[in-house]
Amino acid sequence: MPPPMTLDSSMQSVRELLLARGALKDDVLGVRLSSRTDDALVDLHTAIDPAELEKGFTAVTRGSADGLEIIRHSTAHVMADAVQQLFPGTKVTFGPATENGFYYDFDRKGGGTFSEDDLVAIEAKMREIIAQKAPFRREPISREAAVALFTKMGETYKVEWMETLPAGTDFTVYRHGAAGSEWVDFCKGPHVPHTGELGAIKLTAVSGTYWRGIEGNPQLQRIYGTAFPDEAALKAHLEQLEQAKARDHRKLGRELELFAFDAAAPASPFFLPRGAKVYHRLVDYVRDLYVRHGYDEVITPQIYGNELYKKSGHLANYRENMYLAVTADDFVDPAKVDAIRAALTAEHATEAQLDLLAAETRGVKPMNCPGHAQLFSHRKRSYRELPFRCADFGRLHRYERGGVVHGLARVRTFCQDDAHIFCTPAQMQPEISAFNALLDEAYGTFGFTDVRVRLATRPEKRVGSDALWDSAEHALADAMRAAGRSFTVAEGEGAFYGPKLEYHVKDAIGRSWQLGTMQVDFNMPERFELAYVDHEGKDQRPVMLHRALLGSLERFFAVYLEHVAGNFPVWLAPEQVCILTVSEKFEAYAREAEQVLRLAGVRVATDLGPDKLGAKIRAARQMRYPYLAVVGGKEAENRALALRPGNDDLGAIPLAEVVQKLLAEGVFPRPQNS
RNA sequence: GCCAACCUAGCUCAGGGGUAGAGCAGCGGUUUCGUAAACCGCAGGUCGUGGGUUCAAAUCCCAUGGUUGGCUCCA
């Protein structure tokens, strides 16, 4: 063990400082210092200048968000300790706390993997370490000593990481365990006082990952776990996971007969009649918005010759995600087939290869934008036509790798409520503002009130001048400010052709989803040499705004289905009401009532079978019809329906009134003034 | 694609070398019933697929398809 570095005599541990002030409560794990802007979270082990504490601090307790992070980070250390005890020769890499727990990435000796049985053993070993209540210790160390120590330990990943750290970085190690058999990690902390502070732990999963997240780097084994201040909090977390499972859209989709998947077309949904009704209602709702917000819908081809995708850049940059459409005639010349195969599979296709693909192959569209650019340039355009808001519900196909597909949320065929707005540079800002208003209306309709926006700015690899980027980014930012909306900036995360706004919503159980997007694109108009004639008769280059409201409708279907846990509102539900007979004696009237509702345009289901009413209500509730309508002797006699929304009971209502009520509730939601 | 796991009736799941099971759903019958499960019966599966080991494979092994959880969080 290298000797600890001598500390500046003015430094004192946070523990001592708090103790002297009488502020060291049992549940305090550290402090947040007001004097520091970043890395303000400091544990009890850390030595600081007492003056720093004087400037103000907040005690970090076990129950706080900061405390939770400390607990989880320390639990990750304990897990790594357990793993190295049970599996000697395993190398450690990174092990951070995360939003829902923690993980640690390992390189197991000989490239071995961990099984779920291993997790059980590791968790048992962790509990042993925790029971020892062994103290954590923090130790500042010189770069040279750290490199020497971890080199000697054979921790090559740690050493590699140290070598990437800039000069002047403070190096520290943390140890825990009994003297003589301490587990040590190169770590900046913070950590709990001793392992006894931990306890409510659970290892949850094991997965493969790559060193520093880069494909091609050595394959590591990641073990996931979670930890909480106490067992009750852990139990609550696990129960919440169960709840999320209960409203999983894949489960609801099956149970409510909305959609299905089949190995005949992996990751491609079959929308069943009930699901298709909802899907079409969603599309028609967006169309209803479009009418009032000045969009024009177009219908464009599914398959294009690849010249188009060469022009747009997709063939060079997106072909691994594209489906090709072939015909028997494409296979008559074997030499050509070989050349096409070579061009398709080349990591960086040459210009000649791209030309070959463009000339000889067709692609199924993965995006609408190239087709819309083509449509725009189909004839001469005047400034009087702008902005041209070109909407398209075209079906898109993208080949997604097997591991990333997920129910309806990530599929290989889908449709977006997509539109491209062709406008002048001066029109950008008002168009963006108008889109915000449109988006507010739509999201409000679906009950997504917690909307967060990220502005993704210019990436390193980009096209267009800095002046254009400035104006594009300002247009997005100014429009957001004008609408009084806050946003965060995601530096360098924009698309190569322009910056974008990403709209994220939180669903009913607090999960965040990206739905809408607004992108400013200078690239595509350039590539397609798009032009409009200005009022002086000169050609000008339009800007393309690429925007989606709900995003992929498949994905939105999934998000919304989980958000409402299957309980669609009357305007969207596959069937708005289900008629139930008290006994089969009332079938005739029930059928008549069904017909009246149906002819009026109400979506209606029936259960006229021989079951008892209680059983029918139970079954109908499980199908989540917004309204149940009971038909018995009284209703048949009075030409009424006993209407039951949810668990409520409105009693008998005349049939004609029911029709009016359901029609009124079934229209697309609109703001008051439109 | 990579790591781990799973795949048995339409759905949820039992069975883990020795003749394929249950509940729900479906179908038939009895009951004709007033607000979250009436009763009786019938039918339904080459245990994802292909190969192997074995006297014998749903069960063990290999391959393959599909599915699920991960592969963004940085010492």
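Proteins get letters first, then strands, A, B, ... in listed order; numbering begins at 1 in each.
Under 4.0 angstrom from either OP1 or OP2 of B:C71 there lies at least one side-chain N or O belonging to A:Tyr224. Residue A:His406 places at least one side-chain N or O closer than 4.0 Å to OP1 or OP2 of B:G69. A close approach under 4.0 Å does not occur between any side-chain nitrogen or oxygen of A:Ser207 and OP1 or OP2 of B:A4. Between A:Arg254 and B:U12, a side-chain N or O to OP1/OP2 separation shorter than 4.0 Å is present. For the OP1/OP2 pair of B:A38 and a distance below 4.0 Å, the side-chain nitrogens and oxygens of A:Arg618 include no atom meeting the criterion. A:Lys585 has a side-chain polar atom (N or O) that falls below the 4.0 Å cut-off from OP1 or OP2 of B:C33. For the pair A:Arg222 and B:C3, the criterion of a side-chain N or O lying under 4.0 Å from OP1 or OP2 is not met.
Residue A:Ser583 is classed as a base contact, given a heavy-atom separation below 4.0 Å to a base. Residue A:Gly614 is classed as a sugar-phosphate contact, given heavy-atom separations below 4.0 Å to backbone atoms only. Nucleic acid contact for A:Gly407: sugar-phosphate only, since backbone atoms but no base atoms lie under 4.0 Å from a heavy atom of the residue. Using a 4.0 Å heavy-atom criterion, one finds that A:Lys616 contacts no nucleic acid atom at all. At the heavy-atom level, A:Phe261 lies nowhere under 4.0 Å from the strands shown. Residue contacts for A:Gly632: at a heavy-atom cut-off of 4.0 Å it reaches a base atom on one of the strands shown. At a threshold of 4.0 angstrom between heavy atoms, the contacts of A:Gly189 with the nucleic acid are absent. Residue A:Asp262 is out of contact with every strand shown, counting any heavy-atom pair closer than 4.0 Å. Residue-level contact check: A:Ala260 touches neither bases nor backbone, having no heavy atom under 4.0 Å from any strand. At a threshold of 4.0 angstrom between heavy atoms, the contacts of A:Thr98 include nucleobase atoms, whether or not backbone atoms are also involved. A:Phe114 comes within contact range of the sugar-phosphate backbone alone, with a heavy-atom separation under 4.0 Å but no base atom that close. Counting any heavy atom pair closer than 4.0 Å across all strands shown, A:Asp649 reaches a base atom. Residue-level contact check: A:Glu69 touches neither bases nor backbone, having no heavy atom under 4.0 Å from any strand. Note on A:Asp170: a base of the nucleic acid sits closer than 4.0 angstrom, heavy atoms only.
Counting only heavy atoms from C-beta on, A:Arg250 has its side chain closest to B:U68 among B:U31, B:U68, B:G34. Minimum atom distance to the side chain of A:Ala615 is reached by B:A37, of the listed B:U67, B:A37, B:C2. Closest to the side chain of A:Glu584, out of B:A36, B:C74, B:U32, is B:U32.
Nucleotide B:A5 forms a pair with B:U67, judged by Watson-Crick or G-U wobble geometry with both contacts under 3.5 Å. In this entry B:G28 has B:C40 as its Watson-Crick or G-U wobble partner, both defining distances falling under 3.5 Å.
A:His397 approaches A:Thr413 most closely through the heavy-atom pair NE2-OG1, 3.3 Å.
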Let me see the working for A:Glu400 and A:Asn321 under side-chain contact (heavy atoms from CB on, under 4.5 Å), right down to the final yes or no. CA-CA 6 Å; A:Glu400 302 280 3; A:Asn321 285 98; 4.2 Å; yes

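Here the separation of B:C11 from B:G29, taken at their P atoms, is 27 Å to the nearest Å. A gap of 29 Å separates the P atoms of B:C33 and B:G23, to the nearest Å.
For A:Glu635 against B:G34, a side-chain N or O and a base N or O form a donor-acceptor pair under 3.5 Å.
Figure legend: cation-pi geometry between A:Arg72 and A:Phe228, with NZ or CZ positioned under 6.0 Å from the six-membered ring centre and within 45° of its axis.
Nucleotide B:G69 is shown with an anti base, its glycosidic torsion being more than 90° from 0.
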